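Numbers here are sequence positions counted from 1. Atoms within a ligand are numbered from 1 in the order they appear, just like the ligands themselves. Only a predicted model underlies this, so the values are computations on that prediction, with no experimental measurement involved.
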Amino acid sequence: MSPAPIKHGLYAAGLPRFVDPLPIPEIAKPDRQGVYRVSMREIETQVHRDLKPTRCWSYGTTVPGPTFEVRAGKPISVEWKNQLPEKHFLPIDHTLCGAGKDVPEVRTIVHVHGARVPPESDGYPERWFAPGKSRTVHYPNRQDAATLWYHDHAMGIERLNQYAGLFGAYLLRDDHEDALHLPRAPYEIPLFIFDRIFDQDGQLQYPTSGMPDTPWVSEMYGEAILVNGKLAPDLEVEPRTYRFRVVNSSNARFLYLALSNETAFQQIGSDQGLLPAPVQLRTLTLAPAERADVLVDFSRLAGQSILLKSQSFELMRFRVKSSGAALGWTPPAKLRDVARLSRSAVVKTRTLGLDEYEDPVTHGMLMLLDKKRWHEPVSEKPVLDSTEIWEFVNYTGDTHPIHLHLVRFQVLERQRFDIDGFRYEKKMQLIGQPVLPEPNEMGWKDTVQAHPESITRIIIRFEGHAGRYVWHCHVLEHAANEMMRPFEVLPKRSQ
Ligand code: C2O
Ligand code: CU
């Protein structure tokens with residue numbers, strides 16, 4: 001589906017590239033009581049030297065917001081304060097679930113994506129709070145080191161709140177990772193990549209359907225791709241190895257990351273931490289919300305400029321200094337043990353369809369998980385500490401990045417099927433053999449690309465906490481229009 005055309009959109013390619021240095025978000029600091037207090041505010045920020053300051057919403061003073069640096073086993077408390085205006089500056093669709101005119105227009109709730117936290121701190125979409133209010137939550141950090149990120153999750157307007165700028169990094173570290181001696185700051189840098197549309201005044205525009213009462217669009221794609229909040233920034237690097245924590249924080253855009261001159265790089269981690277072994281890559285596909293922990297060795301590139309690209313987009317430039325000792329660094333051949341979860345432990349396999357439906361009343365089209373809308377009774381109720389297989393049967397022509405809160409999982413395999421046979425003869429005909437995940441999908445994940453006309457199988461152990469969570473497509477426009485469902489982890493039956 002193509003988004004509605006934007007009037008007066010600014011064609012970002014007309015601006016000079018690589019004139020702004022890459023910003024690096026500041027580190028979040030707790031107060032004297034040890035509590036992090038973070039205010040969401042409206043700010044102005046310059047995304048490009050030649051553009052006027054852009055109105056954004058931030059968890060601080062920048063987009064992305066401050067980076068949390070936390071340690072496994074050391075819990076933290078965060079007070080999230082909503083100090084945003086009462087009016088939204090982006091087009092709300094009041095016909096979407098949870099965004100009716102009976103609730104405050106501006107609402108926020110923070111979710112730490114990939115964190116194993118109790119349900120009351122997880123950011124359930126309906127537990128939003130309005131401007132002037134705050135919410136204190138607790139994050140146990142009882143899990144392995146990983147590149148997590150936090151973002152808004154308010155029912156019905158999450159896509160607008162994130163588009164406005166409400167997200168940031170949450171880096172969880174542990175002793176095992178420390179022992180690998182990976183590059184550290186200033187040679188370790190988070191890279192948030194996200195696309196936007198700007199008008200001639202440098203202000204954010206969000207596409208609409210053109211229908212005033214139902215402005216929802218099925219995907220938002222912008223032609224300006226920002227890295228850490230700047231359009232085509234520049235980073236001067238030393239001739240040595242850098243570690244980049246790459247987050248695709250786009251609403252809908254998939255990234256196909258590559259370096260110029262086909263420079264190879266190594267992926268050492270995915271959503272839920274280190275891979276079993278480094279994987280050498282020349283292109284890396286990242287769906288919305290997926291993360292990659294990547295090493296780039298600039299030691300043999302002194303004096304050169306290397307571009308980071310996604311298809312024809314030039315996202316940023318690395319300018320390698322010609323002076324300084326070259327300090328290439330090779331990661332250990334083995335990063336950590338990722339024992340494969342065994343099918344013999346599986347107590348239940350759930351078959352969950354991803355499909356498109358006609359919505360004659362409002363938006364023309366919507367996508368559902370297992371044919372169910374958000375408000376229907378909870379149907380996925382795994383038991384705490386049990387292992388299940390969820391198979392996503394994707395009948396649509398798009399890849400949907402499916403994310404489950406609370407858990408980490410492993411990708412088992414993907415199996416293609418004949419969509420026409422299914423549509424017209426109601427027969428499920430498999431094509432070929434199941435395909436094993438790519439080497440860079442062999443670690444722990446929390447978001448999986450469910451490919452079109454395929455069954456994607458993941459294996460999950462429901463560890464940590466009982467209670468109500470959500471699973472959804474991370475194309476935010478899909479999630480907003482019913483491609484999100486609750487699930488409930490049931491406590492173990494006491495003997
Ligand atoms: Cu990244 Cu339900 O979230
Ligand atoms: Cu989707």
Side-chain angles (χ1 to χ4, degrees), residues 1 3 59 64-65 97-98 108-117 119 121-128 146-159 161-163 166-170 192 194 216-221 247-254 270-272 286-291 352-357 363 365-374 380 392-409 445-454 456 468-487:
M1 279 129 294
Y59 289 106
C97 190
T108 59
I109 179 76
V110 186
H111 167 61
V112 181
H113 181 122
R116 184 190 289 166
V117 310
S121 292
D122 188 54
Y124 196 71
E126 291 173 341
R127 298 191 73 232
W128 45 260
T147 308
L148 308 183
W149 64 301
Y150 61 99
H151 61 69
D152 187 72
H153 219 312
M155 196 74 203
I157 54 168
E158 164 191 20
R159 71 196 186 293
N161 289 352
Q162 285 190 46
Y163 190 79
L166 292 178
F167 55 83
Y170 191 97
F192 278 83
F194 51 101
W216 176 85
V217 292
S218 61
E219 284 104 21
M220 134 67 216
Y221 296 116
V247 183
N248 182 353
S249 60
S250 305
N251 283 31
R253 182 181 289 283
F254 283 61
S270 62
D271 303 339
Q272 285 285 318
L286 272 191
E290 282 189 306
R291 288 87 71 205
L352 301 159
L354 318 180
D355 208 353
E356 242 168 73
Y357 300 85
H363 307 101
M365 189 272 297
L366 82 165
M367 279 163 266
L368 298 179
L369 300 171
D370 196 27
K371 295 200 175 92
K372 294 188 184 73
R373 290 181 175 251
W374 169 255
E380 282 65 62
F392 305 116
V393 187
N394 183 354
Y395 303 102
T396 76
D398 305 317
T399 297
H400 298 276
I402 303 294
H403 168 50
L404 277 75
H405 286 209
L406 176 71
V407 292
R408 60 180 188 176
F409 55 73
K445 297 276 293 165
D446 57 43
T447 306
V448 64
Q449 297 178 27
H451 291 158
E453 297 165 20
S454 299
T456 300
R468 182 71 66 91
Y469 295 90
V470 298
W471 67 287
H472 58 92
C473 176
H474 222 289
V475 171
L476 299 180
E477 286 72 25
H478 297 182
N481 194 8
E482 301 285 349
M483 210 172 186
M484 176 161 76
R485 287 281 296 157
F487 73 91

Nearest atoms (heavy-atom pairs only) where R291 meets D271 = NH2-O, 2.9 Å
Does a side chain donor of either N251 or E477 reach within less than 3.5 Å of an acceptor in the other side chain?
-> yes
Is a side-chain N or O of H111 found less than 3.5 angstrom from the main chain of D122, in a donor-acceptor match?
-> yes
With a 3.5 Å cut-off and no angle check, do the side chains of T396 and D398 form a donor-acceptor pair?
-> no
Taking atom 2 (Cu) of ligand 1 as the centre, how many protein N/O/S atoms fall inside a distance shorter than 2.8 Å?
-> 3
Closest to the Cu ion (ligand 2), among the N/O/S atoms of H400, is atom ND1
May I ask you to say whether D446 pairs ionically with R116, meaning some side-chain N is under 4.0 Å from a carboxylate O?
-> no
For the residue pair H405 and H472, is the inter-centroid distance of their aromatic rings smaller than 6.0 Å?
-> yes
What N, O or S atom of H151 is found closest to atom 1 (Cu) of ligand 1?
-> NE2
Option passing ring-ring contact (aromatic ring centres under 6.0 Å, His included) with W471 (candidates F392, W374, F487) = F392
Is H478 close enough to the Cu ion (ligand 2) to have an N, O or S atom under 2.8 Å?
-> yes
